[in-house]
Amino acid sequence: MGKFGFGTRPAALTALTLLAVAACGSGPGSPGPSPTTGTAPPPTPTTTAPPAPATTGKPGTTTPAMPVGQCTTAALAVNLGTSEGAAGHRYTPIVFTNTGGSCRITGYPGVSFYAGDDHHQVGEAATRDAGSTPAVVLQRGQSASAWVDQLNPGLFDPAQCGPTPVTGLRVYPPGNTVSVLLPQADAQACAKVIPGQRLLSVRAVQRGSGEN
């Protein structure tokens with residue numbers, strides 16, 4: 001054959017074959033990069049916490065009750081109960097009846113005799129008998145009472161006592177500065193002070209009307 005005959009074809013065919021193989025190796029059918037080994041962790045589930053229940057206070061606690069206010073003169077009907085006599089004494093309950101909302105009454109009322117159109121005081125104010133002083137809570141319509149002991153002026157020398165007709169008793173409910181006037185028929189009092197004698201005395205308020 002000539003210089004450019006078939007003697008040169010095998011080398012050319014070999015080169016073309018290698019190029020075709022290389023092109024096929026980089027084509028779509030060629031295996032890709034080796035995958036990374038290992039297992040991915042599962043996704044963490046998302047949870048929503050339930051709303052906290054509404055609370056009105058600490059468990060096991062109660063709201064303290066509102067304190068009950070003191071009974072005022074305006075909220076009380078004040079009257080004299082039935083008197084009892086014994087050995088020169090006249091015992092009479094002063095009755096306090098609640099006409100308003102619940103209130104508290106405790107201690108001693110202020111008590112004195114009064115007379116005349118000007119309601120002036122006669123003699124000394126009542127002294128207090130020692131005893132318990134409970135706090136009495138009154139609902140509307142309920143009553144408490146305090147006993148008064150009036151000593152008969154006739155037991156003493158008139159010059160020493162100065163017996164004087166009186167209209168009745170002036171009463172200040174416990175803890176109040178407003179009084180009420182309670183007429184008392186045929187009442188008398190010593191206008192003078194007799195040393196060592198308790199001419200008028202009062203006990204602390206107790207529950208009830210004082211009537212037997």
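This one's a predicted model, so the numbers in the text were calculated from it and none came from an experiment. For this chain, numbers begin at 1 and follow the sequence in order.
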Give the intermediate values and the outcome of side-chain contact (heavy atoms from CB on, under 4.5 Å) for residues V95 and V78.
-> CA-CA 6 Å; V95 183; V78 186; over 6 Å; no
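- Between the SG atom in C161 and the CG atom in L155 there is a gap of 9.0 Å [rounded to 0.5 Å].
- The CZ atom of R203 sits 11.0 Å away from atom OG of S132, with the distance rounded to the nearest 0.5 Å.
- The two residues V166 and A189 come nearest to each other via the heavy atoms CG1-CB, 3.9 Å.
- Between the Q139 side chain and the G101 main chain, no donor and acceptor come within less than 3.5 Å of each other.
- Criterion: ILVMFWY side-chain heavy atoms under 4.5 Å apart, direct or through other members. Under it, Y91 and I94 are not part of a common hydrophobic cluster.
- Between the side chain of N152 and the main chain of G154, a donor-acceptor pair closer than 3.5 Å is present.
- For the residue pair P93 and W147, the shortest heavy atom distance occurs at CD-CZ3, 3.4 Å.
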Going through the checks in order, is the side-chain contact (heavy atoms from CB on, under 4.5 Å) test met by Y114 and Q121?
-> CA-CA 4 Å; Y114 76 95; Q121 182 173 319; 5.9 Å; no
With side-chain contact (heavy atoms from CB on, under 4.5 Å) as the test, would you mind laying out the steps for L200 and T127 before giving the verdict?
-> CA-CA 6 Å; L200 182 66; T127 57; over 6 Å; no
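- Counting heavy-atom neighbours within 6.0 Å of D186 CG, excluding the residue itself, gives a total of 12 or less.
- Sparse packing is recorded around CZ of R140, with 12 or fewer heavy atoms of other residues, nucleotides or ligands lying under 6.0 Å away.
- One N or O on the side chain of T106 and one on the backbone of T133 form a donor-acceptor pair closer than 3.5 Å.
- Atoms OG1 and CG, on T92 and L169 in that order, are 7.5 Å from each other to the nearest 0.5 Å.
- Note that SG of C190 is 10.0 Å distant from CG of D157, once rounded to the nearest 0.5 Å.
- Hydrophobic clustering (ILVMFWY, side-chain heavy atoms < 4.5 Å, transitive): V202 and L80 are in one cluster.
- Using a 4.5 Å heavy-atom cutoff, the side chains of L76 and T99 are not in contact.
- What you find for V205 and P174 is that their closest heavy atoms are CG2-CG, 3.8 Å.
- In this structure, N98 and Q142 have side chains that are not in contact, with every pair of non-hydrogen atoms separated by 4.5 Å or more.
- The main-chain N or O of G208 is found under 3.5 Å from a side-chain atom of S145 such that the two form a donor-acceptor pair.
- Using modelled atom types and a 3.5 Å distance limit, the side chains of Q184 and Q150 yield a donor-acceptor pair.
- Looking at heavy atoms from C-beta onward, L138 lies in side-chain contact with I105 at the 4.5 angstrom threshold.
- Using a 4.5 Å heavy-atom threshold, the side chains of F96 and P109 count as touching.
- By the criterion of side-chain heavy atoms lying less than 4.5 angstrom apart, applied directly or through intervening Ile, Leu, Val, Met, Phe, Trp or Tyr residues, I194 is not grouped with V111; the two fall into different hydrophobic clusters.
- Note: D149 CG to L151 CG = 6.5 Å, rounded to the nearest 0.5 Å.
- Within the 4.5 Å cutoff, the side chain of T73 has no heavy atoms near those of the Y172 side chain.
- E84 is not listed as a side-chain neighbour of R90, based on a closest heavy-atom distance of 4.5 Å or more.
- The NZ atom of K192 lies 9.0 Å from the OG1 atom of T164; values are rounded to the nearest 0.5 Å.
- Q206 has its side chain within reach of P134: a pair of non-hydrogen atoms, C-beta onward, lies under 4.5 Å apart.
- Y108 and V137 fall into different hydrophobic clusters, defined by Ile, Leu, Val, Met, Phe, Trp and Tyr side-chain heavy atoms under 4.5 Å apart, directly or through other members.
- A heavy-atom distance below 4.5 Å is not found between the side chains of E124 and L199.
- Here the side chain of H120 pairs a donor or acceptor atom with the backbone of A115 at under 3.5 angstrom.
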